[in-house]
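Computed from heavy atoms alone, side chains included, the values below leave out hydrogens, waters and symmetry copies. These figures come from a predicted structure and were not determined experimentally.
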Amino acid sequence: MADHSPSISTSKQKAQPKPNPKPNPESTDRPLSAPRRRQAGAMAFWTYLTISVGLLSLLLSPFLSPRDQHSWFLSLPPDLRLHFSQGKLIKIHPSYQIPFRVFAVESSPAEFSETVLLVPGLACNSFSFRHVMSALRSHGVRAVAIDMPGSGFSEKPRVPGSFEDVFAQIKENGIFWAFDRLVETGQAPYEEIRARKNFSPYGPAEIGFVIRKVIREMKLGPVHLVIHDAMLGSGANFVASYPSLVRSVTLLDSSAGLPAFPYWAVGVPVVGRLILKSPSFFTKLMRLCCSRSIDMPAVEHQRLLLLGKDGRKGVVDMAKALNYSFDLRQWKELDGLKEMPIQLLWSNNWSDRWIEEGRQTASALPEGKFTYHSGGRWPQEDNAKEITERIVEFVTSLPKTIRMIINEPSEDLEEKVLVNSGSLHQHEHGYQFGPSLGMYGLGQGFMG
């Protein structure tokens with residue numbers, strides 16, 4: 001029999017496709033604008049950074065505490081601690097930097113008319129000039145020596161934007177400091193940091209600012225500046241910027257491009273630390289590069305100061321910021337420097353290359369007084385007596401400096417210096433001249 005059941009067409013068996021829903025303009029994904037992308041990136045950056053630094057703060061706080069630094073200081077030899085107690089820390093407030101403190105020490109007779117300011121070279125410090133300072137005092141000359149930033153007992157400047165800076169900012173201002181800045185200003189701190197990443201607190205202008213600050217705080221007035229080793233560029237920059245604060249210049253084995261200390265060796269990760277950990281190896285390095293007859297206690301003092309307070313990194317950072325292309329001849333032709341008395345003290349038994357460097361330096365300063373000495377690249381350690389005699393002879397050969405104080409109604413006293421010629425020269429700032437600022441010991445919070 002024929003099947004009479006109704007048939008269903010194939011087209012009716014297929015489900016009809018549903019129409020696509022109309023797009024909702026409010027729910028459409030849109031690409032983030034550039035400001036919103038930056039803000040989102042900043043939030044993510046600071047989220048990870050804050051968590052990381054917070055954890056590191058907890059883990060490293062026992063090693064970074066003031067108590068640890070205080071223990072390091074108490075472990076130093078007695079003569080190093082005595083040297084610190086005889087000086088003072090001067091707070092520096094440079095632009096675009098976090099304030100830090102530099103160490104300066106003074107040795108002066110009861111009466112004096114001339115002041116010598118010693119600027120130690122790379123990796124050197126005021127303690128290295130202790131014998132020169134004592135000898136200058138016995139000759140009736142006031143002597144002051146500075147520890148450059150990051151050397152000796154001076155603090156190492158914090159570079160804005162470095163990990164150390166961010167770490168310190170979060171420790172000081174709280175773990176949510178970055179988020180607060182972002183909410184308040186709409187700008188992430190790391191954008192401000194990025195703009196300053198190429199700045200160095202060890203540049204010639206920054207070191208010149210430190211020297212000027214020390215002169216002002218210690219009321220030194222016009223000084224006879226002694227520039228040692230690789231500090232030539234920075235010291236010369238200070239002289240050019242403030243010629244009225246300088247009575248004369250002595251270059252003590254000073255070359256901008258050839259520092260004596262092998263900073264490149266101690267700057268190598270791990271290797272540099274091992275060098276400083278080995279007294280015998282460090283002694284050989286010092287006698288090979290700085291002074292052939294430096295005694296063992298002096299070497300040990302230098303090693304301990306470099307080893308503590310991360311002095312090794314300070315030396316490397318200072319070396320990177322040196323002006324290796326400094327032109328001494330052009331410098332001497334600047335206004336205010338043509339009549340500046342200059343003396344060159346140079347080693348004549350170190351090497352042929354170094355003797356030739358001295359001759360080239362002397363040819364750039366034909367008006368200067370050139371004298372050889374029998375010491376090494378750090379002659380203050382192995383020939384302090386001869387160096388002192390040359391400095392005293394040069395300083396006392398110049399017209400005597402007489403200081404006068406003129407009180408005027410201003411925030412600072414205006415200093416006017418009467419030189420033997422009888423003419424008055426107004427200086428940039430005035431400071432009341434007087435005796436030493438006093439002795440400072442452990443009680444002034446060096447480790448605070």
Candidate pair His131 and Ile387, rule side-chain contact (heavy atoms from CB on, under 4.5 Å), full reasoning: CA-CA 10 Å; His131 298 312; Ile387 294 301; over 6 Å; no
CA sep, side-chain torsions, deciding dist, call: His373, Asn349, side-chain contact (heavy atoms from CB on, under 4.5 Å): CA-CA 8 Å; His373 64 79; Asn349 65 356; over 6 Å; no
Criterion side-chain hydrogen bond (donor to acceptor under 3.5 Å, both in side chains) on Asp147 and Ser126, from CA distance to verdict: CA-CA 6 Å; Asp147 283 352; Ser126 59; 2.8 Å; yes
Derivation of the side-chain contact (heavy atoms from CB on, under 4.5 Å) call for Arg216 and Val214: CA-CA 5 Å; Arg216 175 175 181 174; Val214 170; over 6 Å; no
Working for ring-ring contact (aromatic ring centres under 6.0 Å, His included), residues Phe129 and His228: CA-CA 11 Å; Phe129 281 87; His228 175 231; 5.6 Å; yes
Test log, rule side-chain contact (heavy atoms from CB on, under 4.5 Å), inputs Ile355 and Trp350: CA-CA 7 Å; Ile355 293 175; Trp350 187 255; over 6 Å; no
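The closest side-chain heavy-atom distance from Pro222 to Leu245 is not below 4.5 Å. Side-chain atoms of Ile215 and Phe238, non-hydrogen and from C-beta on, do get closer than 4.5 Å to each other. A 4.5 Å side-chain heavy-atom check between Met133 and Leu118 finds at least one atom pair inside the cut-off. Residues Ser248 and Ile342 have side chains not in contact (no heavy-atom distance under 4.5 Å, counting atoms from C-beta outward). Residues Leu89 and Val102 fail the side-chain proximity criterion, which asks for heavy atoms closer than 4.5 Å. In this structure, Leu322 and Tyr202 have side chains that are not in contact, with every pair of non-hydrogen atoms separated by 4.5 Å or more. Using a 4.5 Å heavy-atom threshold, the side chains of Leu285 and Thr283 count as separate. Using a 4.5 Å heavy-atom cutoff, the side chains of Met286 and Phe281 are not in contact.
When atom types are taken as modelled, the side chain of Arg101 and the backbone of Glu155 share no donor-acceptor pair closer than 3.5 angstrom. In this structure, His139 contributes its side chain and Val141 its backbone to no donor-acceptor pair below 3.5 Å. In terms of modelled atom types and a separation under 3.5 Å, the side chain of Ser75 and the main chain of Trp72 share a donor-acceptor contact. Ser138 contributes a side-chain N or O that, together with a main-chain N or O of Ala135, makes up a donor-acceptor pair within less than 3.5 Å. Listed for the Ser154 side chain is no donor-acceptor partner under 3.5 Å among the backbone atoms of Pro149. Ser291 places no side-chain N or O within donor-acceptor distance of the main-chain N or O of Arg287, the cut-off being under 3.5 Å. Between the side chain of Trp331 and the main chain of Ala236, a donor-acceptor pair closer than 3.5 Å is present. Side-chain N or O atoms of Asn125 include none that pairs as donor or acceptor with a backbone N or O of Met148 at under 3.5 Å. Judged purely by atom type and a 3.5 angstrom limit, Ser397 uses its side chain to pair as donor or acceptor with the backbone of Phe394. In this structure a side-chain-to-backbone donor-acceptor pair under 3.5 Å is present from Ser241 to Asn237.
Counted by atom type alone, Ser374 and Glu386 present one or more donor-acceptor pairs between their side chains at under 3.5 Å. Checking Ser255 against Asp253 by side-chain atom types alone, no donor-acceptor pair falls below 3.5 Å. Side-chain contact, His301 with Asp79: a donor N or O sits under 3.5 Å from an acceptor N or O. Checking His224 against Glu114 by side-chain atom types alone, a donor-acceptor pair falls below 3.5 Å. Between Ser325 and Asp327, the side chains place no donor N or O within less than 3.5 Å of an acceptor N or O (distance only, hydrogens not considered). A side-chain N or O of Thr250 and one of Gln343 form a donor-acceptor pair less than 3.5 Å apart.
Taking all atoms of both residues into account, the shortest heavy-atom contact from Ala256 to Leu232 is N-CD2, 3.7 Å. Closest of all the heavy-atom pairs between Lys332 and Leu337 is NZ-O, 2.8 Å. Smallest separation of non-hydrogen atoms from Phe73 and Arg81: O-CD, 3.4 Å. In terms of heavy-atom proximity, Pro341 sits nearest to Arg247 at CD-O, 3.5 Å. Across every non-hydrogen atom of Pro243 and Met340, the tightest pair is O-CE, 3.9 Å. Here the shortest heavy-atom pairing between Pro259 and Ala230 reads CB-CB, 3.6 Å.
Under the 6.0 Å cut-off for aromatic ring centres, His83 and Phe103 qualify, their centroids lying closer than that.
Annotation: Glu356, atom CD; neighbour count of heavy atoms from other residues, nucleotides and ligands within 6.0 Å is above 12.
Taken from CD1 in Ile294 to OG in Ser128, the straight-line distance is 6.5 Å, to the nearest 0.5 Å. Here the straight-line distance linking atom OG of Ser107 with atom CZ of Phe112 works out to 11.0 Å at 0.5 Å rounding. Taken from CD1 in Ile146 to CD1 in Ile207, the straight-line distance is 9.5 Å, to the nearest 0.5 Å. A distance of 6.0 Å separates CD1 in Ile211 from CG in Leu225, rounded to the nearest 0.5 Å. Expressed to the nearest 0.5 Å, how far CD of Gln380 lies from CZ of Phe127 amounts to 12.0 Å. Interatomic distance, CG of Leu252 versus CH2 of Trp378, reported as 11.5 Å (0.5 Å rounding).
Using a 4.0 Å cut-off between a side-chain N of Lys or Arg and a carboxylate O of Asp or Glu, Lys213 and Glu217 qualify as a salt bridge. The existence of a salt bridge linking Glu106 and Arg142 is confirmed by a sub-4.0 Å separation between a basic side-chain nitrogen and an acidic carboxylate oxygen. Ionic pairing of Arg292 and Asp382 is not present here: no N-O contact between side-chain nitrogen and carboxylate oxygen is shorter than 4.0 angstrom.
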Under 3.5 Å, which donor-acceptor pairs do the side chains of residues 359-372 form with other protein atoms, sequence neighbours left out?
| from | atom 1 | to | atom 2 | distance (Å) |
| --- | --- | --- | --- | --- |
| Thr361 | OG1 | Glu357 | O | 2.9 |
| Ser363 | OG | Gln360 | O | 2.6 |

